[in-house]
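Here's the structure, in structure tokens; my notes come after.
Chain identifiers are assigned alphabetically (A, B, ...) following the order of the sequence lines, protein sequences preceding nucleic acid strands; residue numbering begins at 1 within each chain. Atoms considered below: every heavy atom in the structure, side chains included; atoms not considered: hydrogens, waters and symmetry mates.
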Amino acid sequence: MNENKNKGPDENALIAERRRKLTEMREVGNAYPNDFRRNALADELHQTYGGHEGDHLREEEIHVKVSGRMMVKRVMGKASFIKLKDRTTQIQVRLERDRLAEGLYQKFKKWDVGDILCVSGTLFKTNTGELTVMAEEVTLVTKSLRPLPEKFHGLADQEMRYRQRYVDLIMNEESRDVFRIRSQIITYIRAFLDSQDFLEVETPMMHSTPGGAVARPFETHHNALDMKLFLRIAPELFLKRLVVGGFERVYEINRSFRNEGVSTQHNPEFTMLELYRAYADYNDLIEMIEALFKGLSQSILGSTTITYQEDEIDFSKPFARITVEDVIQKFNPDIDATRLRDREYLAGLATDLGVKVQDNAGAGKLQMEIFDKTCETKLRQPTFVTAYPTEVSPLSRRNDDDPFLTDRFEFFVVGRELANGFSELNDPEDQAERFREQVENAAAGDDEAMSYDHDYIRALEYGLPPTAGLGLGIDRLVMLLTNSASIRDVLLFPYMRPEVFD
RNA sequence: GGGCCGUUAGCUCAGUUUGGUAGAGCAACGGACUUUUAAUCCGUAGGUCGAAGGUUCGACUCCUUCACGGCUCACCA
């Protein structure tokens, strides 16, 4: 038996048996060779030779070198079938004792499902027409010490799928597909923006003043400088500094961090697209989002209609647009439309809905409470809600005709917010005033209120051109396009409480 | 944070209602088998039933607390 220090957690008899096999391999040579180079991937072989007649293939004598993890092993006496899985898909291999070097077949029979093999051989087709490699040489290049989950059901345990994503990815092709699509979505977004002359940038993730969103930040500490730092809650204020600097079109596909609850739609760290475009307003962004979503669904899923859980979503029609006050009326038909900005009236409605009304909440804040309670989940089809109250939009440009409102929208699909955008507030004096209000709110106990960012005001004083900007939740977008019910299904390593190893 | 549900062999699951000391399939181990497709056939081994207490002659089963997870409500994004 091996020494204790070499053992991983959860050692059991199955692992011990495989460890014993590894020890035997070490005794007769290099147990972890790395000198084999394949010359074909499984899906290339299926595409190129899958249509060939079996007799034809025999005559062609096509030699290939493949490698991958052994997912299936069927030993039938002096011959066996196995399946190797590479990054594309699986390819079957047949091993016959009498075609292999002396004693090799006996060694192979001790290998386990999960081991990583390299095979050289010739293509042929089985009686049932499956493209298969007849092995001439076979090498075990990585011994797998841990047994894989059961082949038919795969890995079903949700907790283990998230904690040990590597096992989930080995076993569940649907899970691999989700992350392939995630990558395609991000690639598509980059191409979409790059083609419009946007510059991709990276801005700090550690902020001395958190800002750009309404949320509690994570705090950390810089030892050498002995100072408090915050993980960013949004890159917004840095990106707008870049527009001041003359990068008129910028974007960042960013990881941001918010110290809030965890749910099927919230992870402490999440990915967002933020983009800023000078000489544009929020209507231009609405058009961009509409074009982006139509292009994405067509390109990624091959259709402009998609199924998400219980909903059929149609991206082909023009997306709906409605103002906050109109949508509140639509879903609250008994409301008194003449009192939509009457704080006392709204406070009463909010209280009836179970909202704890804060003393410093104005009509705008209360409108949003009512919206969240009565409207949000009903916005199933793609909808832009516009004209958000200034009170809840401290970075948005005030509407020219109605100072109660800003030129802002949020984008909803399947009852969830996917994006938030607005014409940027580029009046430094108005912005300074809004920051002061936020500071007052913080003093009054609002622990999500923004801080006063002096350097950001200074940047605005140099002059931010008229600009529009938006944030788009990438994780929620991926959920939508992969029909995933939980944000954890689209995050490779979602946040989990630490596992206890004893 | 509240509510509901779950945690049994490496994996997928029975067993809990009605307490009597744990089962199957796959995987493993030994054997048979040269075209399988969740291969098949014979045999063997594998579990302090999430943890700790309690009730009981006796607890996987009933009760309490805790841990982790899922769904959901609240809060938010």
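Base contact: A:Asn127 has a heavy atom under 4.0 Å from a base atom. Using a 4.0 Å heavy-atom cutoff across all strands shown, A:Glu17 reaches sugar-phosphate atoms only and no base atom. As judged by a 4.0 angstrom heavy-atom cut-off over every strand, A:Lys125 is placed among residues making no nucleic acid contact. Nucleic acid contact for A:Asp372: none, since no nucleic acid atom lies under 4.0 Å from a heavy atom of the residue. At the heavy-atom level, A:Arg497 lies under 4.0 Å from the strands shown only through sugar-phosphate atoms. Across all strands shown, A:Arg163 has heavy atoms under 4.0 Å from sugar-phosphate atoms exclusively, and none from any base. Base contact: A:Lys78 has a heavy atom under 4.0 Å from a base atom. Residue contacts for A:Ala215: at a heavy-atom cut-off of 4.0 Å it reaches no nucleic acid atom on any strand shown. Counting any heavy atom pair closer than 4.0 Å across all strands shown, A:Met272 reaches no nucleic acid atom.
Qualifying ring-ring contact (aromatic ring centres under 6.0 Å, His included) partners for A:Phe179, counting only residues two or more places apart in sequence or in other chains: none. Under the rule for a side-chain hydrogen bond (donor to acceptor under 3.5 Å, both in side chains), the partners of A:Gln92 that lie at least two apart in sequence or sit in another chain are A:Thr132. For A:His266, there are no ring-ring contact (aromatic ring centres under 6.0 Å, His included) partners, not counting sequence neighbours.
For RNA chain B, the neighbouring residues in residues 373-398 of chain A, judged by any heavy atom under 4.0 Å, are A:Lys373. For the contact set between residues 471-484 of chain A and RNA chain B, defined by any heavy atom under 4.0 Å, the members are A:Arg476.
Rounded to whole Å, atom P of B:C75 lies 21 Å from atom CG of A:Asn267.
The partner of B:G6 is B:C68, by the rule that a Watson-Crick or G-U pair needs both atom distances under 3.5 Å. Pairing for B:U56 is absent, with no Watson-Crick or G-U wobble pair whose two atom distances lie under 3.5 Å. Nucleotide B:U44 forms a pair with B:A28, judged by Watson-Crick or G-U wobble geometry with both contacts under 3.5 Å.
For residues 94-148 of chain A, every residue pair satisfying the ring-ring contact (aromatic ring centres under 6.0 Å, His included) rule, not counting sequence neighbours, is listed here: A:Tyr105-A:Phe108, A:Phe108-A:Trp111.
At B:G70, one or more side-chain N or O atoms of A:Arg488 fall inside 4.0 Å of OP1 or OP2 (strictly under the cut-off).
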